[in-house]
2 protein chains.
Amino acid sequence: MADQLSQLFAALADPTRRDMVARLAVADATVGQLAEPYDVSLQAVSKHLKVLESAGLVTRGRAAQTRPVHLEAKVFDLMTKWIERYQQQAEERYQRLDAVLDAMNGPADGTVQTDPQEGTAS
Amino acid sequence: MADQLSQLFAALADPTRRDMVARLAVADATVGQLAEPYDVSLQAVSKHLKVLESAGLVTRGRAAQTRPVHLEAKVFDLMTKWIERYQQQAEERYQRLDAVLDAMNGPADGTVQTDPQEGTAS
DNA sequence: ACCTTGATCAACCAGATGGTTGACAACGAG
DNA sequence: CTCGTTGTCAACCATCTGGTTGATCAAGGT
């Protein structure tokens, strides 16, 4: 439905799903094993898994009656790449703003902070 | 309402909000400036900003009639810390599994560098 | 004093989400 | 073959979400 990045963020926005991911990072598990700690029905867990699966975070095999769930850790990269890009951009901008303020504070008193005239507005 | 981590992931699960964050990484902006590229009402954008604000991703000042929006890039750390933790855990597990397979395939090799010793798995 | 501009609040609506219960499909064991 | 185990599908329900429109507030500009 939505782009994968949206699905990834949405999938991890739920504490239960985050906990499932955390446990799957340790070991693969069946649906029943995953459901056991939570106080919800097996069907609810199955739905959560469907969300994780369609986000690409998880794959399911089949062994006997059980459907072992496996974490696909590499898709995390999509999120970290996105985050780091804009985090870094904001960081750099902050550094530049700092430099501007330094330049303004240098020749003056040093306590001035109320006139951050912004030249390039869009 | 929910824990901040959930709010952060949920906030970034929307493409419009991700785009706003991307633009705020470049420069602060007013609500009107933020709304301009999108084909939605100003009120809708205001709602998006409320989501970003309650997640801690942005702060709003006040200058004249406008309400400049500022990105708080440091809260990204909460997400990256979470992601990297489990990504790394899954990665290490994968390495261990690899080592076990290697040991089964060629026990005479000796190039094993990981520690396949798995103790008590709870 | 009066409008104009920028933004929020309030009420409402359609659709998504997370949960439930009940039925049933797939498989292995007896 | 029949039964128990494991899990999914389907329908239903309450709440959340993202959008709308209309009213309102806050601060200048004239």
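Predicted model, so just to flag it, every value in this text is computed and none were measured. Lettering of chains follows the sequences in order, A, B, ..., and the numbering in each one begins at 1.
- As judged by a 4.0 angstrom heavy-atom cut-off over every strand, Thr66(B) is placed among residues touching the sugar-phosphate backbone only.
- Within a heavy-atom distance below 4.0 Å of DNA chain D, the residues of residues 8-22 of chain B found are Asp14(B), Arg17(B).
- Gln7(A) places its CD atom 13 Å from the P atom of dA16(C), with the value rounded to the nearest Å.
- Put simply, the side chain of Val69(A) does not reach to within 4.5 Å of the side chain of Thr30(A), judged on heavy atoms.
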Can you pull every protein N or O that's under 3.5 Å from an N or O on nucleotides 8-13 of chain D?
residue: dT8(D); atom: OP1; partner: Arg60(A); partner atom: NH2; Å: 2.8
residue: dT8(D); atom: OP2; partner: Ser46(A); partner atom: OG; Å: 2.3
residue: dT8(D); atom: O5'; partner: Ser46(A); partner atom: OG; Å: 3.4

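- Counting only residues at least two apart or on different chains, the side-chain hydrogen bond (donor to acceptor under 3.5 Å, both in side chains) pairs with a member in residues 53-62 of chain B are Gln7(B)-Ser54(B), Glu53(B)-Arg60(B), Thr59(B)-Glu72(B).
- Within the structure, a side-chain polar atom (N or O) of Ser41(B) is placed less than 4.0 Å from OP1 or OP2 of dT20(D).
- Residues passing the side chain to side chain contact (heavy atoms under 4.5 Å, CB included) test with Gln4(B), sequence neighbours excluded: Leu8(B), Val75(B), Leu78(B).
- In this structure Lys50(B) satisfies the salt bridge (Lys or Arg N to Asp or Glu O under 4.0 Å) test with no other residue, sequence neighbours excluded.
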Please table the atom pairs, donor to acceptor, closer than 3.5 Å between any side-chain atom in residues 79-86 of chain A and protein atoms at least two apart or in another chain.
residue: Thr80(A); atom: OG1; partner: Phe76(A); partner atom: O; Å: 3.3
residue: Thr80(A); atom: OG1; partner: Asp77(A); partner atom: O; Å: 3.1

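- Scored by the side chain to side chain contact (heavy atoms under 4.5 Å, CB included) test, Ala64(B) finds no partners at all (sequence neighbours excluded).
- Listed by chain and number, the residues in a salt bridge (Lys or Arg N to Asp or Glu O under 4.0 Å) with Arg18(B) are Asp3(A) (sequence neighbours excluded).
- The salt bridge (Lys or Arg N to Asp or Glu O under 4.0 Å) contacts involving residues 22-48 of chain A comprise Asp28(A)-Arg93(B), where partners must be two or more places apart or lie in separate chains.
- Taking atom CG of residue Leu34(B) and atom C1' of nucleotide dA7(C), one finds them 12 Å apart after rounding to whole Å.
- Listed by chain and residue number, Ser41(B) satisfy the side chain to side chain contact (heavy atoms under 4.5 Å, CB included) test with Gln43(B) (two or more places apart in sequence, or in another chain).
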Scan nucleotides 27-30 of chain C against the protein and return all N/O pairs shorter than 3.5 Å with their distances rounded to 0.1 Å.
residue: dG28(C); atom: O4'; partner: Gln65(A); partner atom: NE2; Å: 3.4

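- If you measure from atom CD of Glu36(B) to atom P of dG6(C), you get 13 Å, rounded to the nearest angstrom.
- Residue pairs meeting the ring-ring contact (aromatic ring centres under 6.0 Å, His included) criterion with at least one member in residues 32-75 of chain B: none, sequence neighbours excluded.
- Contact between Gly32(A) and Leu42(A) at its shortest, heavy atoms only, is CA-CD1, 3.9 Å.
- Checking the phosphate oxygens (OP1, OP2) of dG19(D), a side-chain nitrogen or oxygen of His48(B) falls inside 4.0 Å.
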